[in-house]
K.L.:
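The structure follows.
All chains are named by letter (A, B, ...) in the order of the sequence lines, taking the proteins before the strands, and each is independently numbered beginning at 1. Predicted model only: the values in this text are computed from it and were never measured.
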Protein chains: 2
Amino acid sequence: MATPNIVEVASLIGDPSRAAMLMNLLSGKALPASELARAAHVTPQTASSHLAKMVEGGLLVHESYGRHRYYRLASAEVGQALEALHAIAPPKPVRSLRESDQSKALHFARTCYDHIAGEVGVALTHRLLALGLLHEEGRDFAVSIDGAKWFRDFGMDLDEIRRGRRHFARQCLDWSERRHHMAGALGAALTTRLFDLSWIDSIPGGRAIQVTKYGFRGLSQELGITFDDEWKQAE
Amino acid sequence: MATPNIVEVASLIGDPSRAAMLMNLLSGKALPASELARAAHVTPQTASSHLAKMVEGGLLVHESYGRHRYYRLASAEVGQALEALHAIAPPKPVRSLRESDQSKALHFARTCYDHIAGEVGVALTHRLLALGLLHEEGRDFAVSIDGAKWFRDFGMDLDEIRRGRRHFARQCLDWSERRHHMAGALGAALTTRLFDLSWIDSIPGGRAIQVTKYGFRGLSQELGITFDDEWKQAE
DNA sequence: TTCACACTTCGATGATAGTCGAATTTTTTG
DNA sequence: CAAAAAATTCGACTATCATCGAAGTGTGAA
């Protein structure tokens with residue numbers, strides 16, 4: 001009979017270098033130690049020490065591929081705790097044009113563990129709601145009859161997505177839009193589908209996402225979603 | 001346009017003294033600085049310094065009543081972040097009989113911000129479900145027709161409870177039982193009702209709750225809930 | 001009004017932990 | 001096999017921050 005003690009995990013997260021690594025891993029991907037060292041602007045030996053602590057503390061797990069060691073978040077619960085901390089964290093002032101661009105990119109579209117968030121994620125979710133393809137059910141989303149057809153036509157197998165123990169379609173509060181986007185198995189599968197269609201692409205070095213020209217066109221034609229600023233268009 | 005930075009809030013939570021205070025404030029009550037100092041086993045001046053940081057960092061708010069200064073969590077979101085950290089925190093080994101008793105008491109019944117948790121909270125929730133007074137609806141609970149009558153007879157005004165912007169009845173994962181208890185406005189109102197009936201009482205110095213002899217009898221007669229160990233009975 | 005109590009502020013101390021240079025280990029490549 | 005690359009380990013250094021004694025401020029009770 002033991003009582004969890006949050007001090008250790010909180011102090012693990014509360015270091016700037018470690019937080020930078022964790023934020024990058026919120027992309028949901030597994031990243032090699034060297035890339036995490038670069039992301040955190042520390043030497044490989046410092047990163048190694050930090051990563052070992054986070055593995056020991058249960059925040060990360062790692063797998064080796066030859067001489068490369070890949071790290072990822074230990075569970076969706078770790079991702080959720082990081083997001084919950086985001087909701088109570090003070091906004092950090094932007095101090096350079098580079099930071100401003102990165103901030104804008106994150107606000108526009110980013111991965112929130114394994115599903116899309118930001119302006120694009122919220123627009124997607126609310127358009128699906130407006131078209132009656134999704135509806136709210138408590139803190140979840142449910143797919144309508146028309147919605148089931150739409151997802152199937154869009155190339156997604158709802159039965160396959162429903163299989164498994166995770167939540168099907170959950171509302172996830174978006175910290176930049178202050179409205180919900182869609183998480184859960186359906187949110188993750190939709191995001192994967194958008195990547196597969198090359199409608200969205202990762203921006204290297206973080207978890208920001210860019211919408212491709214195919215994506216802007218597809219979102220407009222399939223769902224009637226348009227965005228105010230075409231400067232976001234990928235080259 | 002700013003991006004939240006979780007380092008500051010995480011490092012605030014990651015100090016043992018500050019975490020002890022935050023855990024006490026998870027009772028949902030406002031506590032005076034002197035009591036928080038005692039709970040954390042530090043001097044008033046140390047506590048004062050910590051409390052100022054947490055107020056500055058947005059975790060706590062305070063109000064003065066004469067020479068007493070009462071602190072409480074700044075929002076339900078802070079409570080949720082603390083709970084989310086609990087879900088990923090390693091169990092802390094118990095090292096004394098006193099700690100063991102406190103751990104047992106927390107496991108049996110405690111406040112999780114403003115609703116009851118632990119073995120009692122989960123037993124209540126699941127009994128209401130078993131009797132068909134509540135049913136699960138996504139990640140929420142919904143009250144059945146019979147349930148509405150039961151709550152009304154129990155002295156609770158569901159219309160009043162539903163008023164307001166907060167979730168009505170939410171599933172909240174219980175870290176000690178690993179099952180859900182009921183949070184949200186209904187969970188809070190039910191907990192308040194149990195206090196009002198003197199079925200439960202706070203144990204001073206933390207957020208553990210004891211069930212009174214009226215409570216054991218009431219829970220048994222009203223809901224058919226019994227517990228294995230009568231040693232938990234309050235004198 | 002005086003005294004006691006709650007709380008805050010100031011400043012010095014000491015422990016802790018992040019950091020990187022150096023060295024070592026492991027794996028891959030030519 | 002030798003060299004390069006990825007990652008880890010070791011050890012010393014230094015900056016940071018929690019801590020408490022001392023002092024000060026504000027409020028309430030006698």
K.L.:
Choose from D/dA7, C/dT19, D/dC20 the nucleotide whose nearest atom is closest to any side-chain atom of A/A33.
P.N.:
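So the side chain of A/A33 is nearest to D/dA7.
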
K.L.:
With a cut-off of less than 4.0 Å, is there a side-chain N or O of A/S49 near OP1 or OP2 of C/dG18?
P.N.:
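No.
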
K.L.:
Of all the choices, C/dT28, D/dT27, D/dA7, which nucleotide is nearest to the side chain of A/R67 once you look at every atom?
P.N.:
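So the nucleotide nearest the side chain must be C/dT28.
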
K.L.:
Look at the aromatic rings of B/Y70 and B/Y65 and report parallel, tilted or perpendicular, splitting at 30° and 60°.
P.N.:
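Because their plane-to-plane angle is over 60°, the rings of B/Y70 and B/Y65 count as perpendicular.
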
K.L.:
Is the shortest side-chain N/O distance from A/S17 to OP1 or OP2 of C/dT19 below 4.0 Å?
P.N.:
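Yes, within the criterion.
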
K.L.:
Please report the C-alpha distance between A/L51 and A/R69 in whole Å, then the side-chain angles of each, then the deciding distance to 0.1 Å, and finally whether the side chain to side chain contact (heavy atoms under 4.5 Å, CB included) criterion is met.
P.N.:
CA-CA 11 Å; A/L51 291 165; A/R69 188 176 286 202; over 6 Å; no

K.L.:
Take atom CD of A/E63 and atom C1' of D/dA6, then tell me their distance rounded to the nearest Å.
P.N.:
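About 17 Å, once rounded to whole Å.
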
K.L.:
D/dA18 P sits how many Å from B/M21 CE, rounded?
P.N.:
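Rounding to the nearest Å, CE of B/M21 and P of D/dA18 are 11 Å apart.
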
K.L.:
Nearest-nucleotide wise, let me know which of A/T46 and B/A47 is further upstream toward the 5' end of DNA chain C.
P.N.:
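Residue closer to the 5' terminus by nearest nucleotide: B/A47.
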
K.L.:
Taking CZ from A/R38 and C1' from D/dA6, how many angstroms apart are they, rounded to a whole number?
P.N.:
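In whole Å, D/dA6 C1' lies 11 Å from A/R38 CZ.
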
K.L.:
As a test of reading the structure: which of C/dC7, D/dT9, D/dT19 is closest to the side chain of B/R69, going by heavy atoms?
P.N.:
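That would be C/dC7.
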
K.L.:
Parallel, tilted or perpendicular: which fits the ring planes of A/F216 and A/F227, with parallel below 30° and perpendicular above 60°?
P.N.:
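Perpendicular.
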
K.L.:
Any base atoms under 4.0 Å from A/P16, or only sugar-phosphate, or nothing? Heavy atoms, all strands.
P.N.:
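Contact class for A/P16: none.
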
K.L.:
Angle between ring planes, A/Y71 versus A/H62, binned at 30° and 60°: parallel, tilted or perpendicular?
P.N.:
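Rings of A/Y71 and A/H62: tilted, as their planes differ by 30° to 60°.
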
K.L.:
A/H62 NE2 to D/dA6 P: how many Å, rounded?
P.N.:
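It is 18 Å, rounded to the nearest whole Å.
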
K.L.:
Closest approach to the side chain of B/H50, judged atom by atom: which nucleotide of D/dT8, D/dA18, C/dT9 is it?
P.N.:
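Side chain of B/H50 sits closest to D/dA18.
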
K.L.:
Between B/H41 (NE2) and D/dA18 (P), how many Å, whole number?
P.N.:
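In whole Å, D/dA18 P and B/H41 NE2 are 18 Å from each other.
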
K.L.:
Grab the CD1-P distance between B/I13 and D/dA18 for me, whole Å please.
P.N.:
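Rounded to whole Å, this separation is 14 Å.
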
K.L.:
Taking NE2 from A/H68 and C1' from C/dT27, how many angstroms apart are they, rounded to a whole number?
P.N.:
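Taking NE2 of A/H68 and C1' of C/dT27, I get 9 Å after rounding.
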
K.L.:
From the options D/dT8, C/dT8, C/dG18, select the nucleotide whose nearest atom is closest to the side chain of A/K53.
P.N.:
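Between D/dT8, C/dT8, C/dG18, the one nearest the side chain of A/K53 would be C/dG18.
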
K.L.:
Nearest to the side chain of B/Q45, which nucleotide is it out of C/dT19, D/dT8, C/dT8?
P.N.:
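Output: C/dT8.
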
K.L.:
For A/S48, which contact category applies under a 4.0 Å heavy-atom criterion: base, sugar-phosphate, or nothing?
P.N.:
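Base, at least one base atom sits under 4.0 Å.
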
K.L.:
Can you tell me how far P of C/dG18 sits from CG of A/L12, to the nearest Å?
P.N.:
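To the nearest whole Å, that distance equals 9 Å.
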
K.L.:
Out of C/dT8, D/dT19, D/dA7, which has the shortest distance to the side chain of B/Y71?
P.N.:
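Nearest nucleotide to the side chain: C/dT8.
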
K.L.:
Counting only side-chain heavy atoms from C-beta out, which of D/dA18, C/dG18, C/dC7 sits nearest to B/D15?
P.N.:
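So the nucleotide nearest the side chain must be D/dA18.
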
K.L.:
Consider the side chain of B/T43, meaning its heavy atoms from C-beta on, and name the nucleotide among C/dC7, D/dC20, D/dA18 that approaches it most closely.
P.N.:
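So the nucleotide nearest the side chain must be D/dC20.
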
K.L.:
Among side-chain atoms of A/S100 and A/K104, is any donor-acceptor pair under 3.5 angstrom?
P.N.:
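Indeed, the side chains of A/S100 and A/K104 share at least one donor-acceptor pair under 3.5 Å.
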
K.L.:
Any salt bridge between B/R163 and B/E160, counting N to O under 4.0 Å?
P.N.:
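Counted as a salt bridge, because a side-chain N and a carboxylate O are separated by less than 4.0 Å.
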
